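The shown structure was predicted, so the numbers you read here are calculated from the model rather than taken from an experiment.
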Amino acid sequence: MKPGIPKGTRDFNPDQVNKRNYIFDTIKKVFIKYGYQPIETPTMENLSTLTGKYGDEGDQLLFKVLNNGDFLGKADIMALDTRDSNKLIPSISKRGLRYDLTVPFARYVVMYQNDISFPFKRYQIQPVWRADRPQKGRYQEFYQCDVDVVGSDSLVYEAELTQIYDEVFNELKLPVLIKVNNRKILAGIAEVAGISERFAAMTVAIDKLDKIGLEGVKKELANRRISDEAIQQIVNILEVKNLEDLKPLLETSETGRKGIAELEEVFQYLDDYQAANEITFDITLARGLNYYTGCIFEVSAKDVEMGSIGGGGRYDDLTGVFGLKDVSGVGVSFGAERIYDVMEELGLFPQDDAVNLKLLFLSFDEKSFLYAWKQLVKVRAAGINAEIYPEPVKMKKQMKYANSREVQYVSIVGSQEMESGQLSLKDMATGEQEMMTIDEIIEKLK
RNA sequence: GUGCCUAUAGUUCAGUUGGUUAGAACGCUAGAUUGUGGUUCUAGAGGUCGCCGGUUCAAAUCCGGUUAGGCACCCCA
């Protein structure tokens with residue numbers, strides 16, 4: 001049979017895994033520094049936990065896991081007869097693959113509410129699955145790196161998460177633009193324009209601004225049954241570049257004023273912080289997801305054509321559906337896959353010696369192979385990444401392997417070396433070769 | 001869910017208006033080279049042209065279907 005993997009999934013070769021780990025490790029390090037703790041949740045959740053949380057579109061994209069055993073024997077006969085897939089699902093599938101990390105986190109918080117102390121600060125780096133049609137930069141299996149704090153209304157966390165963004169991308173040497181807005185400001189705009197009931201439609205349209213331009217947004221708004229008069233008002237407000245200018249325009253909306261005040265407080269917390277990246281208020285930032293209720297964030301890479309590489313915001317009632325009311329949370333997510341692509345494009349991955357092979361032993365015959373093997377044990381004991389070619393075959397073949405492994409040094413062992421007790425150490429980059437004792441080699445490569 | 005494109009060697013791809021035994025590069029194996037790699041030269045292995053059917057004297061090539069993959073939209077990271 002021909003080997004293959006399911007569409008929308010990927011294999012990662014050693015080089016790719018090392019680079020991905022570099023991103024994950026950098027992110028993790030910053031999370032930990034800011035006092036966040038790791039949790040992990042199962043790959044599968046009960047389908048009832050997942051369905052209904054992501055809208056109708058989202059439900060369609062959930063991967064369902066077929067029940068074990070005689071699932072057809074317990075299937076809904078009516079649904080089966082009428083070929084009604086949606087109606088059939090509950091009777092043959094009770095589990096699904098997690099669609100994101102936020103809903104499982106909300107479930108976790110509710111289940112362990114008596115064991116955790118609030119504010120609860122957690123981070124989570126795990127794969128999620130979506131039965132979407134894959135395309136460039138979009139997969140059916142991909143990693144999310146989420147960091148959230150629940151159980152506090154304090155806006156210092158908004159400031160803290162902004163700093164986390166700044167610090168992570170600074171560590172990665174990836175210049176970004178961090179955009180901040182507040183859902184309440186958007187709600188205020190809708191209120192002022194007299195279309196509060198079309199708020200969700202408005203945000204979806206505004207969210208597309210950098211993709212389809214101002215004219216596109218106008219068209220989109222019109223398509224969503226918003227009057228020309230309201231559209232003109234919305235567009236006027238969207239021209240505003242800073243919070244001061246916005247104040248008079250949202251004077252009449254209490255929600256709008258609250259949103260401005262919140263952002264001012266966040267920026268006040270950021271006053272003394274020396275940011276490496278640009279942090280800016282962007283009134284056109286909307287975020288499609290409708291569970292956000294306060295501040296919202298989005299990060300995009302500078303100098304590269306790529307969608308957002310991170311986003312998040314505050315949600316006032318995430319745990320409500322699981323029966324725990326009035327627990328506010330705020331969190332952001334890092335789009336690891338896109339960060340990877342951007343860093344690859346800009347050539348930002350550093351050479352990481354810690355994961356590479358440093359020394360490879362080559363040998364000419366059975367005797368010298370055994371001798372080299374014993375030296376290898378000593379080198380490894382000293383903590384040096386080392387290996388031996390498993391057979392004393394032709395030197396050309398062994399050297400070829402050394403090249404393909406991109407090993408830094410090789411030590412070629414034969415009768416001369418065994419007699420003198422000195423080993424040859426060849427620098428593969430320069431081709432230079434010198435004779436030294438095993439202890440000297442260890443000292444040099446340490 | 002909607003639209004468009006692609007499918008030929010392990011990989012990336014050529015393949016003329018349909019015409020004899022389907023090619024290249026890289027990779028792989030071996031030799032030039034019995035203690036030393038990247039370069040070079042030589043030789044070799046490797047393909048039911050995604051699958052099914054149709055048109056034709058003749059199909060990798062044209063047509064229909066099917067399956068798989070990619071891209072864009074929707075939505076999203």
Side-chain angles (χ1 to χ4, degrees), chain A residues 1-10 13 54-62 85-86 98-102 125-146 200 203-205 207-208 211-212 216 220 223 286-290 297-301 306-312 332-342 360-365 367-369 372 389 392-419 423-435:
Chain A
M1 67 168 279
K2 203 172 178 166
I5 56 174
K7 78 173 165 196
T9 66
R10 294 157 294 166
N13 66 33
Y54 309 105
D56 291 343
E57 294 247 11
D59 285 356
Q60 293 295 319
L61 300 181
L62 284 174
S85 303
N86 284 333
R98 77 169 99 76
Y99 179 89
D100 68 2
L101 300 178
T102 310
I125 300 176
Q126 289 190 279
V128 301
W129 291 266
R130 296 183 188 178
D132 206 355
R133 283 272 278 270
Q135 48 185 281
K136 199 183 179 81
R138 285 174 74 172
Y139 307 95
Q140 294 201 337
E141 178 187 62
F142 60 97
Y143 273 75
Q144 286 195 332
C145 313
D146 277 21
T203 58
V204 172
D207 194 43
K208 294 179 181 171
K211 207 171 185 179
I212 61 180
E220 189 85 14
N223 286 343
R287 303 290 298 163
L289 293 174
N290 276 314
F297 309 94
E298 198 162 282
V299 180
S300 53
M306 180 74 70
S308 71
I309 55 177
V332 296
S333 177
F334 289 78
E337 322 286 346
R338 284 185 178 176
I339 292 171
Y340 180 98
D341 290 344
V342 171
L360 175 69
F361 284 99
L362 312 180
S363 59
F364 282 106
D365 50 42
K367 255 188 180 165
S368 54
F369 172 79
Y389 195 86
V393 294
K394 250 186 284 185
M395 195 43 59
K396 173 162 181 155
K397 188 165 181 178
Q398 299 191 54
M399 289 298 280
K400 209 167 180 182
Y401 177 74
N403 275 328
S404 71
R405 286 300 306 272
E406 295 181 328
V407 64
Q408 212 173 340
Y409 294 96
V410 296
S411 180
I412 300 165
V413 182
S415 52
Q416 290 165 24
E417 285 78 7
M418 287 169 67
E419 279 161 26
L423 297 172
S424 63
L425 186 70
K426 184 184 176 86
D427 185 324
M428 289 299 281
T430 64
E432 280 165 28
Q433 193 165 328
E434 50 185 327
M435 302 298 290

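Atom pair A:Asp59:CG and B:G1:P shows a separation of 15 Å (rounding to whole Å applied). Protein atom NZ of A:Lys136 is 18 Å distant from nucleotide atom P of B:G69, rounded to whole Å. A:Asp100 has its CG atom 14 Å from the C1' atom of B:C75, to the nearest Å. In this structure, A:Arg133 atom CZ and B:C74 atom P are separated by 14 Å, rounded to whole Å. B:A77 atom P lies 13 Å from atom CD1 of A:Ile339, rounded to whole Å. The distance from atom CD of A:Gln135 to atom P of B:U6 is 19 Å, rounded to the nearest whole Å. Between A:Trp129 atom CH2 and B:A77 atom C1' there is a gap of 15 Å when expressed in whole angstrom units.
Nucleotides B:G38 and B:G27 place their P atoms 11 Å apart, quoted to the nearest Å. Taking the P atoms as reference points, B:U21 lies 33 Å from B:U66, given to the whole Å. Taking atom C1' on both nucleotides, B:U55 is separated from B:C74 by 40 Å, rounded to a whole Å. Atom name C1', nucleotides B:U48 and B:U8: the rounded distance is 12 Å, in whole Å. B:U16 and B:G23 are spaced 14 Å apart, taking the P atom of each and rounding to whole Å. Nucleotides B:G37 and B:A45, compared at atom P, are 27 Å apart to the nearest Å. To the nearest whole angstrom, the two C1' atoms, one in B:G70 and one in B:C52, are 23 Å apart. With both ends at atom C1', the span from B:G47 to B:U12 equals 16 Å, rounded to whole Å.
Under the 4.5 Å side-chain criterion, counting only non-hydrogen atoms from C-beta, A:Glu432 is not in contact with A:Lys426. Contact of the A:Tyr99 side chain with the A:Tyr54 side chain is registered, since non-hydrogen atoms from C-beta on lie closer than 4.5 Å. Looking only at side-chain heavy atoms (C-beta outward), A:Met395 and A:Leu362 come within less than 4.5 Å of each other. Proximity of A:Ser424 to A:Gln416: side-chain heavy atoms (C-beta onward) are nowhere separated by under 4.5 Å.
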Tell me, for nucleotides 31-41 of chain B in 5' to 3' order, what letter each nucleotide earns: B for a base near a protein heavy atom under 4.0 Å, S for only sugar-phosphate near one, - for neither?
SB--BBBB---
Determine, step by step, whether A:Lys208 and A:Glu220 satisfy the salt bridge (charged side-chain N to carboxylate O under 4.0 Å, His left out) criterion, reporting the C-alpha distance in whole Å, the side-chain angles of both residues, the deciding distance to 0.1 Å, and the verdict.
CA-CA 9 Å; A:Lys208 294 179 181 171; A:Glu220 189 85 14; 2.9 Å; yes
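In this structure A:Glu406 satisfies the side-chain contact (heavy atoms from CB on, under 4.5 Å) test with no other residue, sequence neighbours excluded.
Phosphate proximity of B:A77 to A:Gln144: absent, as no side-chain N or O sits under 4.0 Å from OP1 or OP2.
When the nearest nucleotides of RNA chain B are assigned to A:Tyr99 and A:Lys397 by heavy-atom distance, the more 5′-ward of the two goes with A:Lys397. Along RNA chain B, the nucleotide nearest to A:Pro134 and the one nearest to A:Ser308 differ in position, and the one closer to the 5' end is contacted by A:Pro134.
Listed here is the closest heavy atom pair of A:Ala402 and A:Met428: CB-CE, 4.0 Å. Across all their heavy atoms, A:Val128 and A:Leu101 have their closest contact at CG1-CD2, 3.8 Å.
Using a 4.0 Å heavy-atom distance criterion, A:Gly58 is classed as making no nucleic acid contact. Within 4.0 Å of A:Tyr139, counting heavy atoms only, lies at least one base atom of the nucleic acid. Base engagement by A:Asp132 is indicated by at least one non-hydrogen atom pair under 4.0 Å involving a base atom.
The one candidate from A:Met399, A:Gln398, A:Arg405 that meets the side-chain contact (heavy atoms from CB on, under 4.5 Å) condition with A:Tyr389 is A:Gln398.
Salt bridge A:Glu337/A:Arg10: present, at least one basic N to carboxylate O contact under 4.0 Å.
Stems are defined here as 3 or more consecutive Watson-Crick or G-U wobble pairs with pairing distances under 3.5 Å; those involving RNA chain B are B:1-7 with B:67-73, B:10-13 with B:23-26, B:28-32 with B:40-44, B:50-54 with B:62-66.
Between A:Tyr139 and A:Asp132, the side chains place no donor N or O within less than 3.5 Å of an acceptor N or O (distance only, hydrogens not considered).
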